[in-house]
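Below you'll find the structure, written out as structure tokens, and then a few comments.
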Amino acid sequence: MSSSSPSLRHQVIRIYKELLYLGREYPLGYDYFKPRLHKAFSSQAGLKDEDKIKQGIERAEYVKKEIEALYYLKRYRALRQRYNAPQ
């Protein structure tokens, strides 16, 4: 293992925790989201190649942005419906 592995480990744990936090508001529920997130991360647990780990972190960051966009869209639609109601 190289010296950057502890850094990569911390990055993986950080993004996992961020995704878990975002999963609390997932439309299908936290009970749906959490096992799938765990399965996705545990399936990659055996990776040793730093480039592959970095690619996995980038993919997780992309998923995080997609989930955030989903939440913003949901919030926007709710506000739009609330304030554009016929009078």
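Worth saying up front: this structure is predicted, and the values here are computed from it rather than measured.
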Value rounded to 0.5 Å, distance of CD in E68 from CD in E18: 8.0 Å
Contacts of R75 that satisfy salt bridge (Lys or Arg N to Asp or Glu O under 4.0 Å) - sequence neighbours left out: none
Verify same cluster id: I13, I57 (apolar side-chain graph, 4.5 Å): no
For E58, all residues meeting salt bridge (Lys or Arg N to Asp or Glu O under 4.0 Å), sequence neighbours excluded: none
I67/V63 under side chain to side chain contact (heavy atoms under 4.5 Å, CB included): CA gap, chis, key distance, verdict: CA-CA 6 Å; I67 292 171; V63 169; 3.9 Å; yes
Cation over ring face, R36 and Y32, 6.0 Å, 45°: yes
Closest non-hydrogen atom pair between E25 and K74, with its separation: O-NZ, 4.2 Å
Non-hydrogen side-chain atoms of P27 and Y71 separated by less than 4.5 Å: yes
Atom pair NZ (K64) and CD1 (I15), whose distance is rounded to the nearest 0.5 Å: 5.0 Å
Any Q11 side-chain heavy atom under 4.5 Å of S7 side chain: yes
R24 to Y21, cation-pi by 6.0 Å centre distance and 45° axis angle: yes
With Y16 via ring-ring contact (aromatic ring centres under 6.0 Å, His included) - residues at least two apart: F41
same_hphob_cluster(L28, L22) at 4.5 Å side-chain heavy-atom cutoff: yes
Distance in Å, R59 CZ paired with K52 NZ, rounded so as to fall on 0.5 Å steps: 9.5 Å
